Structure formats: C-alpha cells, structure tokens
Amino acid sequence: ANLTLMALGSSAPEILLAVIEVRAGSYFAGELGPSTIVGSAAFNLLVITAVCITAMPDGEVRRIRQTHVFAVTACFSVWAYVWMLIVLTQHTPDKVDIGEAVVTFLMFPLLVGFAYMADRGYFNPRLHTDDNFIAMRSQRSEDQIATETARIQARFGKQLPRDVVLRLLKQNDEPEKNSKVATRKAVIRKVSGGSAYSSAAGGNKQVLIGFEGASCRVLECAGRILLKVTASRPPTTAISVRYSTQDGTAKAGVRYQRTAGVLSFAANEVEQIIEVPIIDDEVWQPDEYFRCMLTDVQVVPPGVKQQEAQLGISTTTITVINDDMPGTLSFDVEEVLAVEGRPLTIGVARTDGKCGKISCRYTTVQRTATAGRDYQPVEGVLEFEDGETHKTITVPIGHHAKRHSECDETFLVQLSNPSEGVRFDRHAGGFAANATCEVIIPGNKRVARYYGWFLSTFLNYDRYLSHRDQWFERFRAAFYCNGSPEDQSVATGKDWFFHFASLTFKVCFSVVPPTSIAGGWLCFVSALGMIGLVTTLVADLASLLGCCLGISDDITAITLVALGTSLPDTFASRMAAQEDETADNSIGNITGSNSVNVFLGLGLPWTLAALHWQMTGVNSEWKDRRWDGRRYEELYLPMYPEGGFIVPAGSLSASVAVFSTCAALCIGLLALRRRFCGGELGGPKLTQVRDGGLLIFLWFVYLGASIAFSVS
C-alpha cells in the first residue's frame with residue numbers, strides 16, 4: 001500500500017510536473033523536472049526523517065518492524081538516483097533512448113514485487129522454513145486431533161470444537177524447556193557414561209521427589225485430575241511430602257475443590273497420585289489455571305541418615321479447559337438473492353455449543369446497492385437464549401421504477417461484537433471479528449450482461465441521487481468562512497484571512513465529485529487533474545520568481561519547487577509516525593516515495609518523449625534547440641546523428657552524488673538509533689533534537705554543494 005497508493009498519491013506533484021514539463025515543452029527536456037525529483041528526494045529523506053524523529057513525545061519510540069521491506073525500499077531509493085546518473089552520464093551521455101526509458105519505468109513494478117516478497121518472508125530463510133515446519137506439523141496432527149475428538153466424545157459425551165482439542169493436545173507438542181546449565185549437564189553425563197541421578201556429598205544416594213511436569217491441562221467435564229508424583233530412584237526408606245493447591249485465575253470452590261494432605265512413599269515405592277476434583281458447570285468461562293505445590297519432604301523416621309531426599313519439580317500448573325462452549329455463529333448461507341419490494345429474512349445459526357445466553361450486533365453495509373433506496377438499513381442486537389440455536393434478521397427491500405434499467409446490486413449483512421467466548425465460523429463467511437452474508441438485489445439481466453460493471457460503477461442512479469445534494473452543498477460551503485453560516489458568525493480575523501487567500505482553490509476543488517460517485521474513479525481522476533493544475537501553477541510561479549531573483553532553473557527546482565511538492569510527503573509521514581505503532585509506514589513512505597519519483601516521475605515522461613523523437617527523428621526544431629547558449633546541432637548531432645530525446649545532465653550528476661552521500665549517512669544514523677535508542681524514531685527529547693538537527697544540517701550541505709556546482 002505504501003509503494004502503490006500512499007507513495008503514488010504523495011508523489012503526484014513531482015510525477016505530474018515532469019510529465020507536464022515535457023509535454024508543454026514539445027517533448028524537450030526541461031530543468032525543473034529531474035532537478036525537482038532529486039531535490040524532493042533530499043528533502044524527503046533528510047528533512048522529513050528529521051520531522052518524524054522529532055514528532056514523538058519525550059521517551060516514546062517507534063521501531064521498524066519489517067526490516068527486510070525497509071532494506072528493499074532503501075536500496076531502491078538510492079539505486080534509483082544512481083541509475084539516473086548512469087543513464088545521463090555513462091551509457092548514453094545527455095540522452096535517454098527508448099530502452100533506458102522503458103527499463104526506468106519497469107523498475108517500479110520490480111520494486112513492488114521485491115517489496116512484496118520481502119513482506120512475505122522470502123528473503124528470510126529461517127522464517128520461510130519455520131512456516132513450512134508449522135504447516136507440516138499441522139498436517140501431521142490432523143489424525144491426532146480426530147482421534148482425540150472421538151475419544152473425548154466416547155468418554156464424556158461431548159463433541160468439542162477443534163480449537164479446544166488443540167489446546168488440550170498442546171502440552172504434548174511443547175516439551176519442557178531446560179535451562180542451558182541443565183542441558184549442558186545432561187550432555188556431559190551422556191557422553192561420559194555418567195549416572196542419570198545426582199550424587200550427594202559424602203556418597204549418600206539422593207532421591208528427588210516431584211511432579212512429572214511443570215504444567216498440565218484437564219477438561220472441565222473430566223471431573224478430576226490425577227497428578228503423578230514420582231521419585232527419581234527407589235528410596236531405601238520411607239519418605240513423606242506435603243501437598244496443597246493454590247488459587248491462580250481458577251478459584252477453589254468455583255473451578256476446583258481445594259485439596260491438601262501428605263503423600264507417603266514406602267521403601268522402594270516410586271510413584272504416588274494426588275487427586276484434585278474439578279467442578280463442572282454449564283456456564284462458559286475462559287480457560288483458567290491453579291497450582292499444586294509440594295513442600296516439606298522428610299525421611300521417615302527423621303533420624304535415618306542412610307537416605308537423603310529433596311524436591312524436584314515442586315510446583316505444577318493445572319489449566320482447566322472450558323468445554324461448555326457458548327457457540328459459533330454463522331449465517332445459514334453466504335449469499336442470498338432478494339426479491340424487490342419484499343422483506344428479506346436471513347437465518348443465523350448457533351453451532352459448536354449452546355450454553356448460556358449470548359448476543360452479537362448486526363448491521364447492513366452498503367456496497368453497490370444504495371441504502372435508503374434499494375434497501376432499508378437495519379442494525380441492532382441479536383440475542384440467543386440458553387439452548388437456542390437459530391435466529392433470523394429481516395431487511396426491508398425497496399422498490400422503485402428505475403430498477404429495470406439497473407444491473408444486479410449488492411449489500412452486506414454483517415455480524416460483529418459477539419459475547420465473550422462466541423466466535424464466527426471462518427468457513428461460512430466469517431472472520432476473526434465478524435461474519436458476513438452478501439445480499440444480491442437482481443436487476444435487468446440484459447443490462448447486467450452487457451453493461452453491468454459499467455452501470456454499477458459509473459452510472460448508479462440511486463447512489464448519484466443520494467450524494468448529489470452532498471456535492472452541491474460542498475459548493476455552498478466553499479463560499480462560507482469555516483464552511484457554514486453558523487461557523488462563519490464566530491470566525492476570527494485569522495480565519496477570514498485564510499478564507500480569502502484560499503477561496504479560489506476551494507471553489508475550484510469543489511468540482512471534484514465525492515468518492516461515492518462512479519466507484520471513486522471520477523474523484524481519483526479529477527483530483528489528479530487538480531493536482532496537475534496546481535503543480536503547473538507552482539512551477540510557473542517558481543520559474544518567474546527564480547527569473548526575477550536571477551536564480552537558474554536547476555537551483556529553483558531543488559529549493560523552491562522541491563520544497564512545495566514535498567509537502568504531501570511531510571504530512572503523510574508525520575501522521576503515520578504519530579498514529580502507527582511502528583515506523584514502517586512513515587519511513588517506508590519516504591524511501592518508497594523517492595523510488596516512485598524516479599521510476600514513474602522520470603520513467604513515464606522519458607518513455608513518451610523517447611518514443612516521440614524515435615518516430616520524429618532530427619528536424620529543424622530539434623537542431624535549433626539550445627542548451628547553455630549552444631544549439632543541439634552543434635552539441636549533439638555529431639554524437640547522435642539520428643537525434644533522440646536529449647536530457648543534458650548539467651549539474652545533475654554532482655547533485656546526485658552529494659545526495660547519495662547524504663542518503664548513506666542518513667540510513668547509517670537510523671541504524672545507530674535503532675541500536676542505541678531502541679528505534680528509528682523518537683527517544684529522549686534531547687536525542688531527538690540532536691539527530692533531527694544533524695539531518696537538517698545535511699540537507700543544507702546538500703543544497704550548498706548543489707548550488708556551488710551549478711554556479712561553477
């Protein structure tokens with residue numbers, strides 16, 4: 001999403017500026033486009049990174065989670081400008097041929113592909129291997145799950161859901177983890193042929209008394225759990241040990257019966273059993289745990305010295321697994337056909353348990369059908385009584401005369417916010433947080449066959465009517481200070497100043513239709529057109545200002561134009577840094593946007609211009625074109641007799657070299673912050689200011705060096 005939607009949207013000014021400049025200049029290269037892209041890259045990577053670092057509250061840290069994806073976008077963001085340098089100074093100096101232009105453009109889908117592979121873990125062999133291992137392990141355990149489910153049903157008369165059986169079997173898949181010291185001792189004993197038992201000082205044989213494991217699980221319906229206490233070797237005399245239960249999240253008298261007593265091991269006896277009663281109720285409760293502990297191990301009688309006894313695993317944690325399932329909710333069908341003008345009834349089934357009273361919310365969600373015209377939106381709470389397994393939801397379906405000219409339209413009925421313990425069936429339109437049923441309102445089959453997608457997306461009459469007033473209201477609001485008569489009455493002088501300053505833009509942008517019309521595509525295209533107009537205005541004003549101040553176009557591009565076109569990146573990255581839990585979106589948007597600037601902002605206009613001059617060839621206009629006071633015929637015709645798309649590098653090579661150095665320093669700083677501050681963004685306020693100031697300083701170094709090279 002960062003590389004396709006967010007970066008593409010925030011990079012639209014640079015992309016459109018390059019395209020407009022090439023097209024308006026009769027397919028000759030201008031100095032604003034390429035220099036603006038390099039200048040924007042420097043501003044993005046240095047200044048916006050500084051803004052993101054200092055946007056955090058004191059002590060708060062944001063860390064990049066997807067380091068592989070960031071590595072891909074960071075490498076591509078630097079490579080993009082190195083590639084631009086190779087094209088303009090090495091392969092075909094001061095010229096871009098069709099092959100170079102197309103390769104530049106195709107690097108954008110290549111970047112997206114590599115980033116996707118990194119996101120999926122293909123560049124992390126350990127992660128990929130772990131996924132395969134989990135899949136194989138899951139496949140091997142299916143037979144075990146089926147066998148255990150059948151055994152539980154035969155013994156206790158309950159059909160338990162798959163996830164409950166998995167939790168019960170989990171203890172068999174998770175062996176106790178030994179410490180490094182214990183593992184090392186065991187290996188030494190094994191390779192040296194030593195005994196498996198410890199030896200006490202003085203040669204006396206020591207007996208360890210303890211539980212078999214540190215944890216175990218039991219079904220609530222089992223009624224009891226038998227805890228096995230073992231001796232590490234047959235004792236030579238009697239040994240006693242006290243035991244007692246202790247509450248955890250499970251409380252005595254509610255989930256289990258408190259138990260305490262003394263176990264006695266006779267001579268040569270190695271096993272005893274502790275029985276703890278489990279209370280079975282018919283109410284859903286989360287899985288809870290309690291503990292059973294061993295204390296006060298003694299040799300009987302106390303005066304006997306031929307035997308020493310100590311505790312081994314002295315505490316075991318017992319998890320009581322709930323088997324009174326409140327149920328799994330799902331629609332009777334995932335898709336239903338409605339009849340126009342008749343109420344639609346949709347069934348909701350409760351399976352995998354029916355204990356207790358449960359509820360969930362239901363609501364309708366608009367898609368291609370329009371709420372209020374094609375159907376009446378409904379919402380509410382669906383309640384199931386104890387033992388109730390089926391309920392229905394009724395949705396009124398509308399009827400109107402325009403139905404015959406429309407194609408099939410759809411909306412969703414959605415379940416959400418279930419009671420505690422209730423789940424949605426993933427195999428019947430369900431997800432982790434909700435379940436959905438798609439409702440289809442049939443239209444004219446002939447219309448749907450030939451014009452269905454076009455009509456439902458671009459000419460949905462119901463949706464147009466419902467949002468037409470909203471569109472017209474936007475024009476009216478543009479003329480009011482603060483958007484309405486009520487807010488205008490309390491407007492301040494500052495509000496009125498900015499209202500008049502932006503009135504022209506507000507009225508112009510009111511032409512952009514709402515996203516609900518034409519599937520959002522009309523809004524998308526119109527918004528890009530408006531951005532193109534503003535970009536053209538900004539470029540012309542910047543050129544005029546630079547002309548008045550005696551500043552060349554390339555310096556104007558890396559300062560004034562780059563600063564203006566990079567504002568969308570600034571706002572997008574700062575918002576992502578503050579609102580997200582990680583730094584992936586904010587930093588990823590910067591590096592991704594820099595790559596998109598070159599691959600699309602140069603690849604697209606370069607391809608168009610290279611194709612134009614390939615078909616046109618050398619003409620009088622091409623020969624008379626001037627750069628640095630000299631004609632193309634004098635400068636480039638001897639080198640390129642067939643002509644072509646000329647892009648004079650000028651001071652661009654020096655600008656790219658300085659930028660690449662600053663980019664490497666910036667990425668190195670982020671790596672150091674990750675190591676010493678715990679994350680790329682944030683940290684102590686003093687550290688934020690220091691690192692942010694360093695990046696701002698690097699930006700000024702880039703500007704100074706680029707301007708110096710340009711002037712010289």
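Every value quoted in this text rests on a predicted model; they were computed, and no experiment measured them. Keep in mind that the numbers below use all heavy atoms, side chains included, and drop hydrogens, waters and symmetry copies.
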inquiry  = To the closest 0.5 Å, what do you measure between CG (Leu665) and OG (Ser660)?
reply    = 11.0 Å
ask   = Does atom OH of Tyr640 have more than 12 heavy-atom neighbours from other groups under 6.0 Å away?
value = yes
inquiry  = Please check: side-chain N/O of Asp495 versus main-chain N/O of Thr492, any donor-acceptor pairing under 3.5 Å?
reply    = yes
request  = Say whether, by atom type as modelled, one donor and one acceptor occur between the side chain of Arg673 and the main chain of Gly668 under 3.5 angstrom.
outcome  = no
query = For the residue pair Gly692 and Ala50, what are the closest heavy atoms and their distance?
reply = O-CB, 3.5 Å
message = For Phe700, I'd like to know if atom CZ has over 12 heavy atoms of other residues, nucleotides or ligands within 6.0 Å.
response = no
inquiry  = Working to the nearest 0.5 angstrom, can you tell me the gap between Trp79 CH2 and Ser595 OG?
reply    = 12.5 Å
task = Using atom types as modelled and distance alone, determine if a side-chain donor or acceptor of Lys685 lies under 3.5 Å from a backbone N or O of Met56.
result = yes
query = Are Cys662 and Leu46 side-chain neighbours, meaning at least one heavy-atom pair lies under 4.5 Å?
reply = yes
query = Does any N or O in the side chain of Thr73 come within less than 3.5 Å of the main-chain N or O of Phe70, such that one atom is a donor and the other an acceptor?
reply = yes
task = Kindly say whether Arg674 contributes a backbone atom to a donor-acceptor pair with the side chain of Glu680 at under 3.5 angstrom?
result = no
key: Point-to-point distance, once rounded to the nearest 0.5 Å, from NE2 of His68 to CZ of Phe114   = 14.0 Å
task = Please report the C-alpha distance between Leu88 and Val96 in whole Å, then the side-chain angles of each, then the deciding distance to 0.1 Å, and finally whether the side chain to side chain contact (heavy atoms under 4.5 Å, CB included) criterion is met.
result = CA-CA 7 Å; Leu88 297 182; Val96 177; 3.8 Å; yes
ask   = Does Gly683 offer a backbone N or O that forms a donor-acceptor pair with the side chain of Thr687 under 3.5 Å?
value = no
query = Between Lys623 and Glu621, is there a salt bridge with N-O shorter than 4.0 Å?
reply = no
ask   = For Leu637 and Tyr632, what are the C-alpha separation, side-chain angles and deciding distance, and is it a side chain to side chain contact (heavy atoms under 4.5 Å, CB included)?
value = CA-CA 7 Å; Leu637 189 60; Tyr632 275 16; over 6 Å; no
Expected output: side-chain Arg62 to main-chain Ala577 donor-acceptor under 3.5 Å = yes
request  = Indicate whether any N or O donor in one side chain lies under 3.5 Å from an N or O acceptor in the other, for Trp606 and Thr104.
outcome  = no
key: Check ion pair Arg631-Glu634 (N to O, under 4.0 angstrom)   = no
message = Less than 4.5 Å apart, side chain to side chain, heavy atoms only: is that true for Val647 and Asp94?
response = no
Under-4.0 Å salt bridge between Lys95 and Glu642 = yes
key: Sole residue of Thr54, Leu669, Val47 in side-chain contact (heavy atoms from CB on, under 4.5 Å) with Leu695   = Leu669
remark   = NE2 (His499) and CG (Leu503) are apart, to the nearest 0.5 Å, by 5.0 Å
ask   = Can you name the salt bridge (Lys or Arg N to Asp or Glu O under 4.0 Å) partners of Arg63, sequence neighbours left out?
value = none
Atom of Ala74, atom of Ser77 and distance for their closest heavy-atom approach = O-OG, 2.6 Å
ask   = Is the closest side-chain heavy-atom distance between Leu611 and Ile98 below 4.5 Å?
value = yes
inquiry  = Before you tell me yes or no, could you show the steps for Phe28 and Phe645 under side chain to side chain contact (heavy atoms under 4.5 Å, CB included), namely the whole-Å CA-CA distance, both residues' side-chain angles and the distance that decides it to 0.1 Å?
reply    = CA-CA 7 Å; Phe28 287 104; Phe645 178 49; 5.8 Å; no
message = With a 3.5 Å distance limit and no angle check, can you tell me whether Ser484 reaches the backbone of Asp487 through a side-chain donor-acceptor pair?
response = yes
ask   = Rounded to the nearest 0.5 Å, what separation is found between the CG atom of Leu45 and the OH atom of Tyr702?
value = 11.5 Å
Asn619 to Trp622 - nearest heavy-atom pair and separation = OD1-N, 2.8 Å
inquiry  = Taking the side chain as everything from C-beta on, heavy atoms only, tell me whether Leu681 gets closer than 4.5 Å to Val61.
reply    = no
Distance-minimising heavy-atom pair for Ala609 and Val22 = CB-CG1, 3.9 Å
inquiry  = Would you say the rings of Tyr27 and Trp613 are close, in the sense that their centroids are separated by under 6.0 Å?
reply    = no
query = Please walk me through it: do Glu100 and Thr92 pass side chain to side chain contact (heavy atoms under 4.5 Å, CB included)?
reply = CA-CA 9 Å; Glu100 293 169 335; Thr92 53; 2.9 Å; yes
request  = Would you give the length of the straight line joining atom CG of Leu544 to atom CG of Leu549, rounded to the nearest 0.5 angstrom?
outcome  = 11.0 Å
message = Any non-hydrogen side-chain atom of Met107 less than 4.5 Å from a side-chain atom of Val103?
response = yes
note = Residues Val72 and Ala115: closest non-hydrogen pair is CG1-N, 3.9 Å
request  = Could you tell me whether the side chain of Val512 reaches within less than 4.5 Å of the side chain of Met530, counting heavy atoms only?
outcome  = yes
message = Within the structure provided, determine whether Pro648 and Ile646 are in side-chain contact (heavy-atom separation under 4.5 Å).
response = yes
ask   = Is there side-chain contact between Phe599 and Phe105, with heavy atoms separated by less than 4.5 Å?
value = no
task = Check whether more than 12 heavy atoms from other residues, nucleotides or ligands sit under 6.0 Å from atom CD of Gln614, and answer yes or no.
result = no
